[in-house]
Amino acid sequence: MKPDPTRLIFGTNPLSTMPSRRSVFRLLEAVVDAGVRHFDTARAYGRGYSEVLVGEFLRAHRVEVRLTAKVGMGETHTERLPSRLALPLNHWRKKLQSTPPAETSAPPARPARPRRLDHDYIETSLAETLDKLGVAAVDTLLLHENLPTNLEDRTLAFLLGLKAGGTVGRLGVGTNARTLEAHYEEVEGFTVLQYEGGGEAGLPDLLARFPEATHFQHGFLRRLGEADPAAVLAAAQQANPGGQVLFSTRSTDRLRADLGAPVA
């Protein structure tokens, strides 16, 4: 069983720690060649380099893809060096700082409600995102680790205006499943929920709780073990027929395995 690439979203968070722009472009070329046409990125990914790299790739290749972008985590460190210089530094810094993940035995406590969002930050952040990506519009804009009920009235009106005008195709929320379970309230115009849908014990069934939303789920390959990754992604799509499944990798061989293609 293989996943449908047209219902997959490729997560670009890992791009900023790849060894070179050439390796990033080679990977993204393989993603597009495999039929995946939806990229997920955020201001917080790789200190801003995820957006930069996706924008550079799109400018160089003139390929048409859908984009999911995010705002709402607050101020983040942004890029200071050109990507061709920053990537090798980030790559080796990650290798030197990597430590084995700690084991967890119990689910975390009820998540605290995210802080209220500042209007000027949202407006400025989105403008910078569009500039880095080199686009006039994104398919989906998510509040990153935050909630629409934390928006000022004028900010909610601003985002709904962008949606009405076509700068944003859809609005939604990208956070963890337990925060959505504990604090999320449906707000008109916010129709997409992005959260971990697999690999974690005791996650809430948000598909049943919010049946009118479009669900972008991720995390299915986090604890893969001996399972076939392509079959795992295909099963996740089958369980979420109205939504999409997000995955990521730094390796073209792993990409092929995830999609059920022969590994070179």
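Side chains are part of it too, since the values below use all heavy atoms of this structure and drop only hydrogens, waters and symmetry mates.
- Clustering of Ile, Leu, Val, Met, Phe, Trp and Tyr side chains at separations under 4.5 Å places Val192 together with Ile9, Leu142, Phe216, Leu246.
- Of all heavy-atom pairs between Gly243 and Arg7, the closest is O-NH2, 3.1 Å.
- From Asp120, atom CG reaches atom OG1 of Thr155 across 8.0 Å, with rounding to the nearest 0.5 Å.
- Look at Asp205 and Arg209 and you find no salt bridge, because none of the NZ, NE, NH1 or NH2 atoms lies under 4.0 Å from a carboxylate O.
- Salt bridge present: Glu51 and Arg43 bring a charged side-chain N and a carboxylate O closer than 4.0 Å.
- The minimum heavy-atom distance between Thr12 and Asp40, with the atom names listed, is OG1-O, 2.6 Å.
- Not a single donor-acceptor pair under 3.5 Å links the side chain of Glu181 to the backbone N or O of Leu206.
- The number of heavy atoms from other shown groups lying within 6.0 Å of CD (Gln238) does not exceed 12.
- At a cut-off of 3.5 Å, with distance as the only test, no side-chain donor of Asp253 or Ser251 sits close to an acceptor on the other residue.
- With 3.5 Å as the limit, one finds a donor-acceptor pair spanning the side chains of Arg250 and Thr17.
- Between Phe39 and Phe57, the ring-plane angle classifies as tilted under the 30° and 60° cut-offs.
- A centroid separation of less than 6.0 Å is found between the aromatic rings of His61 and Phe25.
- In this structure, Gly72 and Asn146 approach most closely via the heavy-atom pair O-ND2, 3.5 Å.
- Residue Arg170 is tested with Thr68, Thr191, Asp139 for a side-chain hydrogen bond (donor to acceptor under 3.5 Å, both in side chains); the sole match is Asp139.
- Separation of atoms CG (Asn240) and CG (Leu207) is listed at 5.0 Å; rounding is to 0.5 Å.
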